[in-house]
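None of these values were measured; they are calculated from a predicted model.
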Amino acid sequence: MAREIDEAWIDEAIDRYRRFEELRADFDKAVSAHTVSVHSPDQSIEVVVTAAGDIADVQVHGPLRHREPAEFAREMRAVVTSAAEAARWAREKLHAEVFGQFRTLEGH
């Protein structure tokens with residue numbers, strides 16, 4: 001038994017694919033452009049990270065002369081870990097904003 005081709009469904013699928021690709025491009029741009037700033041627990045180190053996870057800037061506040069290397073390394077690890085978590089959070093938030101209204105073909 002031959003099946004009838006639903007042209008309207010195919011057209012809608014193509015339109016939805018194009019819209020999805022546009023949204024994906026918007027999301028990729030937003031992820032690259034959006035930054036989040038995090039600080040070490042003692043506020044001496046600031047890391048600016050994009051939602052993509054790229055470190056955009058690192059600032060050290062205060063003198064380093066009297067800091068113990070191990071203490072400084074702990075603070076740096078803590079802030080880099082926080083930056084990675086902040087980037088993941090920002091990505092998820094942007095994803096929800098960009099794709100939140102996008103429905104599946106079945107209308108779900």
Scan the side chains in residues 77-100 for donor-acceptor partners under 3.5 Å anywhere in the protein, sequence neighbours excluded, and list what turns up.
residue, atom, partner, partner atom, Å
Thr81, OG1, Arg77, O, 2.9
Ser82, OG, Ala78, O, 3.1
Arg91, NH1, Ala51, O, 2.5

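Looking at residues two or more places apart in sequence or on another chain, you find no side chain to side chain contact (heavy atoms under 4.5 Å, CB included) involving Lys29. For the side chain to side chain contact (heavy atoms under 4.5 Å, CB included) test, no residue two or more places apart in sequence or in another chain qualifies with Asp11. Ser37 meets the side chain to side chain contact (heavy atoms under 4.5 Å, CB included) test with His39, Glu46, Val48; sequence neighbours excluded. The side chain to side chain contact (heavy atoms under 4.5 Å, CB included) check on Ser44 picks up Ser40, Asp42, Arg67, with sequence neighbours excluded.
The pair Glu22-Arg19 meets the salt-bridge criterion, with a side-chain N (NZ, NE, NH1 or NH2) lying under 4.0 Å from an Asp/Glu carboxylate O.
With rounding to the nearest 0.5 angstrom, the OG1 atom of Thr35 is 13.0 Å from the CD1 atom of Ile55. With rounding to the nearest 0.5 Å, the separation of CZ in Phe27 from NE2 in His34 is 11.0 Å.
Leu64 and Val58 fall within the same hydrophobic cluster, defined by Ile, Leu, Val, Met, Phe, Trp and Tyr side-chain heavy atoms under 4.5 Å apart, directly or through other members. In the hydrophobic clustering of ILVMFWY residues, with side-chain heavy atoms under 4.5 Å counting as a link, Trp9 and Ile14 come out together.
You'll find the side chain of Asp54 stays beyond 4.5 Å of the side chain of Val49, heavy atoms only.
Identified under the ring-ring contact (aromatic ring centres under 6.0 Å, His included) test for residues 59-83, with sequence neighbours left out: none.
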Please evaluate residues Glu21 and Arg18 with respect to the criterion salt bridge (charged side-chain N to carboxylate O under 4.0 Å, His left out), reporting the C-alpha separation (whole Å), side-chain torsions for both, the decisive distance (0.1 Å), and the verdict.
CA-CA 5 Å; Glu21 287 300 312; Arg18 287 183 181 139; over 6 Å; no

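Counting heavy atoms of neighbouring residues, nucleotides and ligands inside a 6.0 Å radius, atom CD of Glu68 does not exceed 12 of them.
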